[in-house]
Amino acid sequence: MLCLVPPRRKVAWASRLLAWYRRARRALPWRRTRDPYRIWVSEVMLQQTTVATVTPYWRRFLRRFPTVRALARAEEDEVLVLWSGLGYYSRARNLHRAAREIVSRHGGRFPRTLDAALALPGIGRYTAGAVLSIAYGVPLAVVDGNVARVLARLFLVRGDPRSPRAARRLWTLADSLVPAVGPGDWNQALMELGATLCAPDSPRCAPCPVRSACRAHRAGLQEKVPSASPRPKTVAVEETAALLRRDGAVLLVQRPGWGLLGGLWDLPAGKPESLARRYRVGLTLGQVRHAILNRRITRTVVEAEARRGVRLEGRWVPLRDLPRLPLAGAARKALAAGRIPQPRGADRAHGGADRRDSG
DNA sequence: AATACGTGGCA
DNA sequence: TTGCCAAGTAT
């Protein structure tokens with residue numbers, strides 16, 4: 001018979017890692033529940049995002065949408081509002097769609113099988129394994145950035161962990177290590193080690209519970225393994241954003257529902273000449289800077305009025321309705337440059353991140 | 001297989 | 001200021 005599951009590997013350091021995890025783990029709010037929905041939301045928010053950033057978002061999101069059904073009933077705009085500032089907005093749109101699928105096809109309960117979980121939008125091998133192992137105790141491995149780094153060092157897997165070859169090796173290792181009992185704690189222990197001690201730079205090997213088993217440490221290569229993956233070069237982008245005001249409202253446009261900042265609202269923005277076809281441009285209100293992925297955007301915010309006879313794209317949004325629209329980060333900064341008050345306080349995760357850079 | 005997809009914090 | 005990083009998924 002073909003052996004699809006790699007043979008289970010028994011390692012001497014497993015109990016040390018688990019003991020360390022039980023003692024040293026951080027008291028994260030999503031570790032206080034076995035509710036697959038709450039764990040799922042945390043896993044999606046944590047994709048490529050730090051714990052410190054996620055925590056307030058997770059609390060607000062679960063307060064507003066305490067159950068899968070509550071999320072499934074919501075309008076997409078409201079879901080995006082609660083995601084606004086977290087980035088990678090397709091995560092929120094997929095989470096919302098998946099919640100509706102769970103209600104319509106799984107009776108409102110997060111599925112218990114790998115295949116059913118993987119069929120949901122926005123859930124890949126990592127998230128499926130994390131939710132099923134932590135919430136239901138299904139013995140599935142996970143490989144995220146942390147686990148990849150930890151296993152690459154323990155087993156001296158060289159090369160870029162994102163390359164197909166290394167990734168295959170790391171998943172095979174992870175599969176072989178995951179225990180039949182308590183897979184959730186095991187997976188979290190590996191992730192916690194990577195997040196706290198086995199850091200990308202300057203790993204703290206002295207207090208590491210599995211140092212003696214670590215091939216990279218033995219070879220003195222813990223700073224070199226795994227090798228870093230190349231990053232795209234940053235490009236500078238300059239654009240102009242138009243601030244149009246009328247009767248206590250501002251003109252905003254909604255970006256297309258896919259791609260960059262999909263579904264989010266923003267000021268009309270673009271090259272100066274393209275804005276000038278639609279608007280009469282007045283005073284410059286300020287410049288704001290915003291980095292998105294590999295783009296460094298410098299945005300000049302100008303007062304503007306509609307040209308006579310030009311049909312305007314977008315919607316006049318009363319200022320008091322701004323909290324109900326998902327705004328892009330660059331839109332918040334541009335509005336701040338125009339001295340337009342932002343929805344914040346108890347309603348927002350962040351304080352004064354929006355800053356007028358110059359005048 | 002390679003690329004698109006956000007943001008804030010930190011050295 | 002610039003570059004790099006943080007619990008990935010979709011195409």
Side-chain angles (χ1 to χ4, degrees), chain A residues 25-26 28 30-31 39-58 80 83-95 97-98 117-131 133-134 141-150 160-165 167-168 171 174 184 187-196 198-202 226 228-236 255-256 258-264 266 289-298 326-333 349-355 357:
Chain A
R25 67 178 172 186
R26 294 165 294 172
L28 305 177
W30 43 87
R31 286 187 174 153
I39 293 167
W40 171 36
V41 173
S42 79
E43 292 298 342
V44 174
M45 285 188 171
L46 284 162
Q47 290 168 11
Q48 307 289 291
T49 310
T50 58
V51 165
T53 299
V54 163
T55 302
Y57 280 86
W58 185 85
L80 286 171
W83 209 273
S84 170
L86 257 190
Y88 287 130
Y89 297 94
S90 66
R91 292 184 297 175
R93 296 193 300 272
N94 284 333
L95 186 73
R97 285 182 204 128
L118 287 175
L120 295 168
I123 296 189
R125 193 172 173 187
Y126 164 77
T127 304
V131 175
S133 67
I134 296 169
V142 299
V143 176
D144 69 340
N146 288 315
V147 176
R149 187 169 57 255
V150 168
D160 181 350
R162 297 167 58 104
S163 72
R165 181 182 151 78
R168 204 162 43 240
W171 272 102
N187 287 333
Q188 292 191 82
L190 283 172
M191 291 192 276
E192 189 77 354
L193 187 67
T196 58
C198 197
D201 298 317
S202 315
S229 34
R231 302 178 79 83
K233 211 167 109 175
T234 61
V235 295
R255 301 179 58 93
W258 63 92
L260 187 69
L261 303 173
L264 271 70
D266 195 3
R289 274 175 298 185
H290 190 72
I292 294 184
L293 298 165
N294 64 331
R295 274 162 272 200
R296 287 188 303 104
I297 300 170
T298 304
L327 295 178
R332 294 186 187 286
K333 293 180 184 178
H350 296 298
D354 300 346
R355 181 168 56 87
D357 289 300

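Because only heavy atoms are used, hydrogens play no part in the values below, and waters and symmetry mates are left out as well, while side chains stay in.
One interatomic measurement links the two molecules: CZ of A:R296 to P of B:dG8, which rounds to 17 Å at whole-angstrom precision. Rounded to whole angstrom, the span from the CG atom of A:L327 across to the P atom of B:dG6 amounts to 15 Å. Taking atom CG on A:N294 and atom P on C:dG3, their separation rounds to 11 Å, with Å as the unit. Atoms CG (A:L293) and C1' (C:dT2) sit 16 Å apart, rounded to a whole Å. In this structure, A:L264 places its CG atom 8 Å from P of B:dG6, rounding to the nearest Å.
Put simply, A:T127 has a side-chain N or O that comes within less than 4.0 Å of OP1 or OP2 on C:dT9. One finds a side-chain N or O of A:Y89 lying less than 4.0 angstrom from the OP1 or OP2 phosphate oxygen of B:dT7. Phosphate contact (OP1/OP2 of B:dT3, side-chain N/O of A:R162, threshold under 4.0 Å): absent. Contact annotation: A:R91 side-chain N/O to C:dG8 OP1/OP2 distance is not under 4.0 Å. The phosphate of B:dG6 (OP1 or OP2) has no side-chain N or O of A:H290 nearer than 4.0 angstrom.
As rounded to the nearest Å, C:dT11 and B:dG6 have P atoms that lie 14 Å from one another.
Residue A:R165 is out of contact with every strand shown, counting any heavy-atom pair closer than 4.0 Å. If you check every strand for non-hydrogen atoms under 4.0 Å, A:I123 touches sugar and phosphate atoms only.
Contact annotation: the side chain of A:W30 approaches that of A:V51 to within less than 4.5 Å [non-hydrogen atoms, C-beta and beyond].
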Exercise. Should A:Q188 and A:R31 be marked as a side chain to side chain donor-acceptor pair (under 3.5 Å) after you check the CA-CA gap, both sets of side-chain angles, and the distance that decides it?
Worked result: CA-CA 10 Å; A:Q188 292 191 82; A:R31 286 187 174 153; 3.0 Å; yes
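Interface residues of residues 40-51 of chain A facing DNA chain B, ordered by number: A:Q48, A:T49; criterion, heavy-atom separation under 4.0 Å.
Judged as a side chain to side chain contact (heavy atoms under 4.5 Å, CB included), and not counting sequence neighbours, the contacts of A:L293 are A:Y88, A:L260, A:R295. Take A:R296 and apply the side chain to side chain contact (heavy atoms under 4.5 Å, CB included) test, not counting sequence neighbours, and it matches A:T234, A:A236. Listed by chain and residue number, A:D77, A:L80, A:V81, A:L264, A:W265 satisfy the side chain to side chain contact (heavy atoms under 4.5 Å, CB included) test with A:P326 (two or more places apart in sequence, or in another chain). Every side chain to side chain contact (heavy atoms under 4.5 Å, CB included) that A:S90 has, sequence neighbours left out, goes to A:R93, A:N94.
Taking for each of A:R26 and A:G122 the nucleotide of DNA chain C with the nearest heavy atom, the 5'-most of the two is the partner of A:R26.
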For residues 123-130 of chain A, which side-chain donor-acceptor pairs fall under 3.5 Å, sequence neighbours excluded?
from   : atom 1 : to     : atom 2 : distance (Å)
A:R125 : NH2    : A:D175 : OD2    : 3.1
A:Y126 : OH     : A:E43  : OE1    : 2.6
A:T127 : OG1    : A:Q47  : NE2    : 3.0

